[in-house]
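Take a look at the structure below.
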Protein chains: 2
Amino acid sequence: MKLLTRNGSKPETTDKWEAQLRKGCLELAILASLWQEKLYGLEILRVLHQNSNLVLAEGTLYPILGRLKEEGLLESEWVEAEAGHPRKYYWLTPAGKQRVISMARFWTSFTANFDGLLKPILSGKAGR
Amino acid sequence: MKLLTRNGSKPETTDKWEAQLRKGCLELAILASLWQEKLYGLEILRVLHQNSNLVLAEGTLYPILGRLKEEGLLESEWVEAEAGHPRKYYWLTPAGKQRVISMARFWTSFTANFDGLLKPILSGKAGR
DNA sequence: GCAATATACCTTGCAGTGCTATGTATATTG
DNA sequence: CAATATACATAGCACTGCAAGGTATATTGC
C-alpha cells in the first residue's frame with residue numbers, strides 16, 4: 001500500500017484538490033503553450049513550468065498530446081536534434097487554433113462566474 | 001451503447017472539456033456556497049446554478065457532501081420541513097472556513113497564472 | 001382511502017483522466 | 001563500454017463526476 005508522497009509527508013486533501021484543479025486545465029494549457037511557436041514534448045513542460053508555474057509529469061503530457069493529435073487539433077513532425085534523441089515537434093492546426101480560442105473564451109466566462117462566488121470570502125467578510 | 005447526450009446531439013469533445021474544467025472546482029464551489037448561510041442539498045444546487053451558472057447533478061453533489069463531512073469541513077443536521085421530505089442542512093465548521101479561504105487564495109493565484117498564458121490568444125493576435 | 005405527483009436524499013456502476021513507475025532509443029562523457 | 005543525459009512512450013492504479021435508479025415523506029385529485 002502506498003501512503004507517502006514524494007516529499008515523504010502524508011498525502012493531504014489539500015494537495016489532492018490542487019491536483020484536481022489543474023486537471024481540468026491541462027488540455028487548454030498545452031494547446032495555449034503552442035499558440036506562438038512549435039514546441040517539442042519536454043519543452044512544453046518547461047514552458048508551462050516557467051511561464052505559468054504549472055508542473056505536469058511526462059506520463060501526463062504524452063497521452064494528452066496523442067489525444068489532441070487524434071482529434072485533429074495538433075500536427076507533429078520528428079526533427080533530428082543537434083545532439084541526443086530526436087525531438088517530436090508539435091504545432092496547432094487551424095482547427096486547433098479555433099479550439100484554443102473557444103476554450104479560452106469559455107475559461108474567461110467560467111472564471112468570472114466563479115470569482116463572483118468567491119468574492120465574499122476573499123473580501124474578508126466573516127461567514128456565519 | 002450510449003452515443004447521445006441529453007439534448008440528443010452527439011457528445012462533442014468540447015463538452016467533455018467543459019465538464020472536465022468544472023470537475024476540479026466543484027468542492028470549492030460547494031464549500032463557497034455555504035460561506036454565508038446553511039443550505040440543504042438541493043438548495044445548494046439551485047444556488048450554484050442561479051448565482052454562478054454552475055450546474056451539477058444530484059449524484060455528484062451527495063457523495064461530495066459526504067466526503068467533505070468526513071474530512072471535518074462540514075457539519076449537518078436533519079430539519080423537519082414545513083411540507084414534504086425532511087431536509088438535511090449543511091454548514092461550514094471552523095476547519096471548513098479555513099479551508100475555503102485557502103482554496104480561494106490558491107484559485108486566485110492559479111487563475112492569474114493561467115490568464116497570463118491565455119493573454120496572447122484573447123488579445124486577438126494571430127499565432128503562427 | 002389510495003394512486004399520482006412533488007420534493008428530497010442516497011447509492012451503484014461506468015467512463016474519463018492524471019500520475020507513478022517503468023521501458024525504450026539516441027548520443028555524449030569518463 | 002559502462003554511466004549519464006535527453007527525449008519519447010506506455011501500463012496499471014486511483015480518483016472523480018455522472019447517469020440511472022431507488023427510498024422516504026407529504027400533498028393533491030379522484
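Throughout, protein chains are lettered first and strands after them, A, B, ... in sequence-line order, and every chain is numbered starting at 1.
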What string of B, S and - do you get for nucleotides 2-16 of chain D, 5' to 3', when a contact is any protein heavy atom under 4.0 Å?
-> ----BBBBB-----B
Out of B/Leu34, B/Leu92, B/Leu73, which one pairs with B/Leu68 under the side chain to side chain contact (heavy atoms under 4.5 Å, CB included) rule?
->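 Single side chain to side chain contact (heavy atoms under 4.5 Å, CB included) partner of B/Leu68 among B/Leu34, B/Leu92, B/Leu73: B/Leu73.
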Does any nucleotide pair with C/dG30 by Watson-Crick or G-U wobble geometry, both distances under 3.5 Å, and what is it?
->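 Partner of C/dG30: D/dC1.
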Length of the [atom1]-[atom2] vector between [X] and [N], whole Å:
| X | N | atom1 | atom2 | value |
| --- | --- | --- | --- | --- |
| A/Glu71 | C/dT17 | CD | C1' | 13 Å |
| B/Leu74 | C/dC9 | CG | P | 14 Å |
| B/Leu21 | C/dT17 | CG | P | 13 Å |
| A/Leu65 | C/dG18 | CG | C1' | 14 Å |

Using a 3.5 Å cut-off and no angle test, enumerate the donor-acceptor pairs between side-chain atoms of residues 50-64 of chain A and protein atoms at least two apart in sequence or in another chain.
none

Between A/Glu80 and A/Arg87, is the closest basic N to carboxylate O distance under 4.0 Å?
->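 A salt bridge is absent here (no side-chain N lies under 4.0 Å from a carboxylate O).
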Check whether any side-chain heavy atom of B/Trp35 lies under 4.5 Å from a side-chain heavy atom of A/Leu118, and answer yes or no.
->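 B/Trp35 does not reach A/Leu118 side chain to side chain.
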Kindly indicate whether the side chain of B/Leu39, heavy atoms from C-beta on, has any atom under 4.5 Å from the side chain of B/Tyr90.
->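 No - every pair of side-chain heavy atoms lies 4.5 Å or more apart.
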Would you please classify the geometry between the B/Trp78 ring and the B/His85 ring as parallel, tilted or perpendicular, with 30° and 60° separating the classes?
->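 Aromatic pair B/His85/B/Trp78 classed tilted.
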Report which part of the nucleic acid A/Ala57 touches: base, sugar-phosphate, or nothing (heavy-atom distance under 4.0 Å, all strands).
->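 Since a base atom lies under 4.0 Å of A/Ala57, the category is base.
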